[in-house]
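First up is the structure itself, then whatever we jot down about it.
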Protein chains: 2
Amino acid sequence: MFHQLGRLGHMSAAPLDSSEHRSGPLLDHLARRMRLRSESVLSPLGLRPRHLVALTVLRDGGGTSQQALASTLAMDGTNIVGLLNDLESMQLIERRRSPEDRRRHVVELTDDGAKRLNEAECALASAENEVLGALEPDEREKLYLLLRRAATGTTITCEAVILEDTSPVDSR
Amino acid sequence: MFHQLGRLGHMSAAPLDSSEHRSGPLLDHLARRMRLRSESVLSPLGLRPRHLVALTVLRDGGGTSQQALASTLAMDGTNIVGLLNDLESMQLIERRRSPEDRRRHVVELTDDGAKRLNEAECALASAENEVLGALEPDEREKLYLLLRRAATGTTITCEAVILEDTSPVDSR
DNA sequence: TATTGTTATACTCTATAACTATA
DNA sequence: TATAGTTATAGAGTATAACAATA
């Protein structure tokens, strides 16, 4: 099982492969399909796809300020407010004033939040089975790892230069 | 280069791996970041990310009706109208009445459309470099192939059975 | 003065309903 | 009657601007 995509054989430090295939539109397309399926699967749990993204980030990222969350989620800070209001009213997250800087809210997942997130992830399995139906289980695993590396490796992107990190997400 | 993802070694007809990792939220997250970056890169070309998804589908899928396009793009048919109006006013696509069924419009990419799409894909390379910066070139290639297989393998999903096609995308 | 979070609000995206023309 | 496309419109998503509390 080896690919025969000849045109890639000579790459090394060629950052732009100009008009080669782009995965942007594909990403957009698949995310849309996934979101649509997820909505129906999540609604019994009182959650929306965007809630799940936030909860996932909060679980993996620990307690952060709302602004940091906004930057990580690439959402406007004003919308984070409503998003967290939803989650807080369900007692899935907590907002505490930071003792160091009393302007800040430290946002963290509650135990209920972690539990609900787990339930939601189980529920999402069926949605993934539909949307990623064309992929074999091992391919889905590869996809997951690639997506995760891409997502966590560039959390800040064009904010600070702090994250040259490209952290040891999984490497493998 | 072989994977050693042990926990998958025993699968066969196990559709739900319950609370294992989910790629839905990751997909959502990355697509958002990509869309944001793409917008600024595409605006000089007068295009939006959604236009690009449509153009890509039209190039790869040939002339289809608007309804088929709606189903492929997982968009409501009413929104396809405006989308195609944009593209038609730029002369990137053409709508022709189908001779067989005069209710239908056959939508096809024009030469200008193909050219513009190509330009757009070049422009998108920089956006991808930012969003997928944590991935090595060969990883991006793998990601592209996986996304493409996932996207084209389930184009219709639950619509008609017409497209058992699953065209010769790559198969490997 | 600058920053964190909030509210109010306008703009865009998406879906629902009613209409036209073909079948 | 049913279907393809269109229009009008309401609802959700997202961003901009002004404000309050804190630094």
Side-chain angles (χ1 to χ4, degrees), chain A residues 28-29 31-40 42-43 46-54 58 63-89 93-108 159-160, chain B residues 25 28-29 31-40 42-43 46-54 58 63-89 93-108 159-160 162:
Chain A
D28 211 339
H29 187 198
R32 163 183 283 270
R33 300 180 76 88
M34 186 72 83
R35 190 158 30 76
L36 287 172
R37 288 302 301 132
S38 301
E39 261 163 23
S40 36
L42 290 176
S43 64
L47 295 172
R48 299 185 139 283
R50 125 160 34 96
H51 294 140
L52 219 52
V53 179
L58 284 173
T64 40
S65 74
Q66 296 190 190
Q67 229 179 0
L69 197 58
S71 142
T72 303
L73 295 176
M75 289 179 66
D76 194 282
T78 59
N79 301 319
I80 297 289
V81 178
L83 183 58
L84 293 182
N85 287 347
D86 294 347
L87 296 173
E88 195 174 38
S89 72
I93 59 117
E94 257 181 3
R95 281 194 259 221
R96 301 191 321 270
R97 283 281 171 196
S98 163
E100 295 140 2
D101 183 342
R102 289 186 39 72
R103 290 172 301 183
R104 291 190 180 176
H105 274 157
V106 177
V107 185
E108 248 167 337
E159 265 284 312
Chain B
D28 211 340
H29 187 200
R32 162 182 282 270
R33 299 179 78 88
M34 185 74 83
R35 191 158 29 78
L36 288 172
R37 289 301 301 130
S38 301
E39 261 163 22
S40 37
L42 290 177
S43 64
L47 294 172
R48 298 182 138 284
R50 126 160 33 97
H51 294 139
L52 219 50
V53 178
L58 284 173
T64 40
S65 73
Q66 296 190 191
Q67 231 180 0
L69 197 58
S71 139
T72 302
L73 295 176
M75 289 180 66
D76 193 284
T78 59
N79 301 319
I80 297 289
V81 178
L83 184 57
L84 293 181
N85 286 348
D86 294 348
L87 296 173
E88 195 174 38
S89 72
I93 60 117
E94 256 181 4
R95 282 194 257 220
R96 302 191 320 268
R97 283 281 170 197
S98 164
E100 297 140 0
D101 184 342
R102 290 184 39 71
R103 290 172 301 184
R104 291 190 181 175
H105 275 157
V106 176
V107 186
E108 249 167 337
E159 260 287 309
I162 303 174

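Bear in mind that the values here come from a model prediction, so they are computed numbers and not experimental data. Convention: sequence-line order gives letters A, B, ...; per-chain numbering from 1.
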Nearest 0.5 angstrom please: B:Arg35 CZ to B:Arg48 CZ, how far? 10.0 Å

For the helix from C:dT1-D:dA23 to C:dA23-D:dT1, how many degrees between its two end axes (five pairs per end), to the nearest 10°? 10°

For A:Arg96, the salt bridge (Lys or Arg N to Asp or Glu O under 4.0 Å) test, sequence neighbours excluded, returns A:Glu108

Sequence neighbours excluded and cut-off under 3.5 Å, please list the side-chain donor-acceptor pairs for residues 74-84 of chain A, or say none.
unit_1	atom_1	unit_2	atom_2	d
A:Asp76	OD1	A:Thr78	N	3.0
A:Asp76	OD1	A:Thr78	OG1	2.8

A:Leu73 has an atom CG; how far is it from atom C1' of D:dT14, in whole Å? 14 Å

Check the distance between C:dT6's C1' and A:Ile80's CD1 and give it to me in whole angstrom. 13 Å

Within this structure, what is the CZ-to-C1' distance between B:Arg33 and D:dT14, rounded to whole angstrom? 17 Å

Any side-chain heavy atom of A:Leu58 sitting closer than 4.5 Å to one from A:Val107? yes

The side chain to side chain contact (heavy atoms under 4.5 Å, CB included) partners of B:Arg104 (sequence neighbours excluded) come to B:Ser65, B:Ser98, B:Asp101

Between C:dT6 and A:Arg104, is there an OP1 or OP2 to side-chain N/O distance shorter than 4.0 Å? no

For A:Arg96 and C:dT4, what is the distance between atoms CZ and C1' respectively, to the nearest whole Å? 16 Å

Is there side-chain contact between A:Arg37 and A:Ser40, with at least one heavy-atom pair below 4.5 Å? yes

In whole angstroms, the gap separating P of C:dT7 from CD of A:Gln66 amounts to 10 Å

Rounded distance in Å - CG (A:Leu69) to P (C:dT6): 12 Å

A:Gln67 vs C:dT4: side-chain N/O to OP1/OP2 distance below 4.0 Å: yes

Is it true that a side-chain atom of A:Arg95 and a backbone atom of A:His105 form a donor plus acceptor pair closer than 3.5 Å? no

Just verifying a value: how many Å separate B:Leu87 CG and B:Arg50 CZ, rounded to the nearest 0.5 Å? 10.0 Å

Results of side chain to side chain donor-acceptor pair (under 3.5 Å) for A:Ser43 - residues two or more places apart only: none

Nucleic acid footprint by protein, nucleotides 13-23 of chain C - heavy-atom cut-off 4.0 Å, B for base, S for sugar-phosphate alone: SBBBB----BS

